[in-house]
Amino acid sequence: MNAVEIEQAITDLAAQPFDPVEFPYAFLEAFGNKATTIKRLRAGASNKSDLGGVLQTSNIHILTCDTGRVTQTLAVLKASPATVKAKAKFILATDGTDFEAEDLASGETVACAYPDFPDHFGFFLPLAGITTVRQISENAFDIRATSRLNRLYVELLKDNPEWGRDERRHDMNHFMARLIFCFFAEDTGIFGGKGKFTETVAQMSARDSSNTHEVIGTLFLAMNTERKDRAAANIPRWASSDDFPYVNGGLFSGSMEVPRFSKIARSYLLHVGGLDWTRINPDIFGSMIQAVADDEERGELGMHYTSVPNILKVLNPLFLDDLRAKLEEAGDNSRMLLNLRKRLARIRVFDPACGSGNFLVIAYKAMREIEAEINRRRGEPDLRSVIPLTNFRGIELRDFPAEIARLALVIAEYQCDVLYRGQKLALADFLPLSNENWITCGNALRLDWLSICPPTGTGVKLLADDLFQTPLDQTEIDFENEGGETYICGNPPYLGNTWQSAEQKAEIRDVANGRTRSPGFLDYVAGWFIKAADYIKHAGGLAAFVSTNSICQGQTVPILWPMVYSTGCDILFAYTSFKWANLASHNAGVTVAIVGIGAPSNGLRHLYEHQDDGSVVLRDGTSITPYLSMGSPVIVEKRNAPFSELAVMEFGNKPSDGGNLLLSRDGLQSLGLTEKQREKFIRRIYGSQDFINGGARFCIWIEDRHLSEAQKIQVLSERIEAVRALRLASPDKGARTILAKRPHQLKLMRIGNTHTIIVPSVSSERRPYLPVGIVDERTTLTNLVFGLYDAPLWNLALIASRLHLVWIATVCGKLKTDFRYSNTLGWNTFPVPTLTEKNTTDLTRCAENILLAREHHFPATIADLYDPDTMPADLRAAHDRNDEVIERIYIGRCFKNDTERLEKLFELYTKMTVNKGQQTKVSKR
DNA sequence: TATCCGACAGAGG
DNA sequence: CCTCTGTCGGATA
């Protein structure tokens, strides 16, 4: 169960009549305990209570009691030896009127009226195993609001199905945004009297809900009508009082239609309104409720939000750090403080993938904080903010988040005013809302950013080819940015090339606009980097995005980065790969990097390197490579053949067999072949898994000349036919046309004559060396490993070196942060000095020693042997020796560290690409 | 034809 | 459940 589901469950529980016997079980069930767990507690088997209550080991001790004895009961629970013995985290006592609980670890307590205990659900979330993310209990309000709005939304769509169709979705979303505004406004004093909106709806609408939509519609109309015009508009007195001011700002203009409310929907509405909306966090809340309007995402309601610290990883280096440094520098100098304030007023923040606006909101809040400090130092604490909300611009594809983004900014502005200037001044300046809409709903890759975020005073015209896509009113909004700065930021969508729609591919191709031959390889997020670079070329500014880390790896680098560099942009700062946490259940954790680009300046570049232990180390330097390492930008292009005398490395066999040609050990047994048949028709096959963890797989291996003989064996011919059928049905043209004609074989039929050196394509980053090994002439490879067929052993020594690992880790792609080997990107590009005969002899011996050391530990697997915590000393020594021999060949001594290794490799690579010119095609065996 | 990638995916503790 | 670590096959050039 996720937090939203739990909130719903305990809200339901609190609404039911109190049953002292059932309550403990119902409470535990609401927190996601399984029926069987509850059953065992009921039966008493796992109930450790010594007081007649319910005590779940390592969780909670619950005791219901007679009226008026709650406090005493809690004390009894605390004193109970069973509570300690069962390591309970919480104790809870209630009589159905009062409710008290204590978190025994922190000593924090909750005491409230029984019906209000769901307000404290965040307190109990550890019961559901939700402890890892602190934020969720800190933002309990946002989850409750999300949960209740979701119920309302779903209920309304049930009653008004036509509002769920595409053409009415916007109306529905706009309606929800209006409601949220009203809930916020009624609790923050913007409307007269706390809870005035909800109260009015409750009073004026019939209990049977028949006229709820009319009451709400009337209130909306009032908020869209200036006082002086209300009489003429026939607005009834109850809606036209001072309690409901003129709001507008586009929020209450447009269609005034309100969906019809069932009785249930009406009660949900009143329920949502009952929350204390002053506690809303516009940044968190916004991204949580996005899912409300998304049919596919609704199952993970409240699970997707970007954490504030992660957003600051973008915003701080982008411009906030600099502003704070200037504030520091200004000290109490009134003139400098004034200049800084003037600068703040002209800063624009532009998020071209703004979602519900959390980057914008956080940037806005941070700037207000700086402004407030300036005003404090200048003795002007009451001064109206000079930071215009309209300078926080966004583009969002989805309608509902776009609505919410603007609302979130409006709420943030009000909250900042209250915080820094006081409630009274905040109220005085709040209404009416500005009429402009600074959040554009549309496709950021199709819209012209220069017209949505136009640089003023530079005379840049709209780009003609995008003009037709741009809503005209966007270009008419004045920016208060004369002579100001623009900062582009955000977390755009990532989508690998395999998963993009034709539409999305076309967008990327159009954005690249002929500047690369291979736009088809780019991740969708690359479009934002290219557009940002183009924007900066015309209008200046800086940009930083959270991005899948793959844009700084492997094949993407030579496609994307030359394009960005050609606009005159450079990487100014970056965060290296880290896991981007959200709470979605099946989310394995996407690995991201943050990259900031802009016109080069003389200033230092900042590289924030994530270390293995989770800490971040900041390194300053003059240049950052597109692989996010320190150093001048070298770009490694893939090659079809190695430099110099390295052996040829080939891709493994792709089965494309639907499991018919590959066999487990058991599968092989069950074929029931004779010894002779096995000799002829079966080979061992290795994938990465098989090699690293020591599995055993086999494959059916039928040479063309043995085909007719194989077909006489029924088990084989059945499998061959199954493969033929599968390949004929494949969406892959190659599989249908070529592979289906030889269904008795894997895609390739490569196998060594004497031996094969193999390298797994993906392996854990924890290992200190790349796993590489050697297999015999009866063993072939899947497409998950690379093979050097019959290659001299010294090649293995090179692959097993620290030097090679550093190269692969830098220039190849990654799967999350794990090593992903590539022959074209990593092996064929690996720079090696010319090797003498003595060199190869020495290296061969090193390779043999490594293999021998491994054999001493038979039957340990590669995974066992190369576990950094338990790697055997003799194997480590063999590798040390190997590294020493290799590094002497490179520079006559050992390298000091990986940084030096990489520098040398890039230097050699640059030399070799210049000397060798274009690669020479080497014929394959 | 060869091969890079995955807002992942599936196994295991 | 959360942690760990590499399958599999489509899309590309």
Side-chain angles (χ1 to χ4, degrees), chain A residues 1-2 32 34 128-133 297 300 303-304 306 353 491-502 505 509 516-525 546-551 553-559 579-592 638 640-641 649-659 662 687-693 695 697 726-727 730-735 737-739 747-748 750 760-767 771 782-786 812-828 862-863 867 924:
Chain A
M1 270 174 114
N2 68 37
K34 291 204 178 70
I130 302 179
T131 45
T132 41
V133 180
E297 275 185 57
E300 292 181 25
M303 299 296 99
H304 285 282
T306 309
N491 180 6
Y494 330 142
L495 205 55
N497 75 72
T498 313
W499 314 105
Q500 289 166 28
S501 66
K505 280 177 196 298
R509 195 166 48 238
T516 170
R517 285 173 298 138
S518 322
F521 278 131
L522 290 172
D523 191 286
Y524 197 47
V525 74
V546 184
S547 162
T548 166
N549 59 356
S550 72
I551 64 154
Q553 290 163 7
Q555 64 177 358
T556 309
V557 170
I559 302 171
K579 278 205 172 61
W580 189 258
N582 71 34
L583 301 176
S585 53
H586 64 262
N587 192 329
V590 54
T591 309
V592 300
K638 57 167 102 164
N640 288 332
M649 181 185 287
E650 293 179 57
F651 200 70
N653 284 323
K654 191 177 220 169
S656 297
D657 72 328
L662 263 57
S688 288
Q689 175 85 259
D690 311 305
F691 172 61
I692 294 171
N693 292 313
R697 282 200 293 172
L726 182 109
R727 288 180 181 172
S730 165
D732 181 3
K733 197 172 150 218
T737 53
I738 301 167
L739 287 181
K747 192 163 183 174
L748 305 169
R750 300 251 159 73
S761 68
V762 173
S763 69
S764 167
E765 61 168 335
R766 291 179 65 239
R767 298 186 184 116
T782 77
N783 58 332
L784 279 314
V785 290
F786 293 92
C812 286
K814 296 268 173 82
L815 185 53
K816 11 174 250 350
T817 51
D818 284 345
F819 305 126
R820 162 171 259 155
Y821 203 94
S822 153
N823 53 351
T824 58
L825 285 163
W827 177 248
N828 295 345
I862 293 287
D867 184 320
K924 300 235 166 117

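Just so we're on the same page: letters track the sequence lines, and every chain starts at 1.
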>> For A/R727, give me all partners under side-chain contact (heavy atoms from CB on, under 4.5 Å), at least two apart in sequence or on another chain.
In response: A/S656, A/L661, A/V723, A/L739, A/A740

>> Check the phosphate of B/dC4 against A/N823, side-chain N and O only, distance under 4.0 Å to OP1 or OP2. Yes or no?
In response: yes

> Stems in DNA chain B: runs of 3 or more consecutive Watson-Crick or G-U pairs, distances under 3.5 Å?
Replying inline: B:1-6 with C:8-13, B:8-13 with C:1-6

>> Distance check needed: B/dT1 C1' versus A/K638 NZ, whole Å only.
In response: 13 Å

>> Check the phosphate of C/dC4 against A/R767, side-chain N and O only, distance under 4.0 Å to OP1 or OP2. Yes or no?
In response: no

> What nucleotide, of B/dC4, C/dG6, B/dA7, holds the atom closest to the side chain of A/W580?
Replying inline: B/dA7

> For A/N549, which residues count as a side chain to side chain donor-acceptor pair (under 3.5 Å) partner, sequence neighbours excluded?
Replying inline: A/S577

> Taking only residues two or more places apart in sequence or in another chain, which ones pass side chain to side chain donor-acceptor pair (under 3.5 Å) with A/R767?
Replying inline: none

> Can you name the residues that form a side chain to side chain donor-acceptor pair (under 3.5 Å) with A/S822, not counting sequence neighbours?
Replying inline: A/T824

>> Run the side-chain contact (heavy atoms from CB on, under 4.5 Å) test against A/S518 and tell me which residues pass, sequence neighbours left out.
In response: A/T516, A/F521, A/I559

> Residues in side chain to side chain donor-acceptor pair (under 3.5 Å) with A/S764, at least two apart?
Replying inline: none

> Relative to the ring of A/F651, is the ring of A/F786 parallel (under 30°), tilted (30 to 60°) or perpendicular (over 60°)?
Replying inline: perpendicular

> According to a strict under-4.0 Å criterion, is A/T824 in side-chain N/O contact with OP1 or OP2 of B/dC4?
Replying inline: yes

>> Return a single string for nucleotides 7-13 of chain C, one symbol per nucleotide in 5' to 3' order, where B is base contact, S is sugar-phosphate-only contact and - is none, cutoff 4.0 angstrom on heavy atoms.
In response: BBBBBSS

>> Categorize A/P771 for me: base, sugar-phosphate, or nothing, with a 4.0 angstrom heavy-atom threshold over every strand shown.
In response: nothing

> Got a sec, which residues hit salt bridge (charged side-chain N to carboxylate O under 4.0 Å, His left out) with A/R766, two or more places apart in sequence or on another chain?
Replying inline: A/D867, A/D869

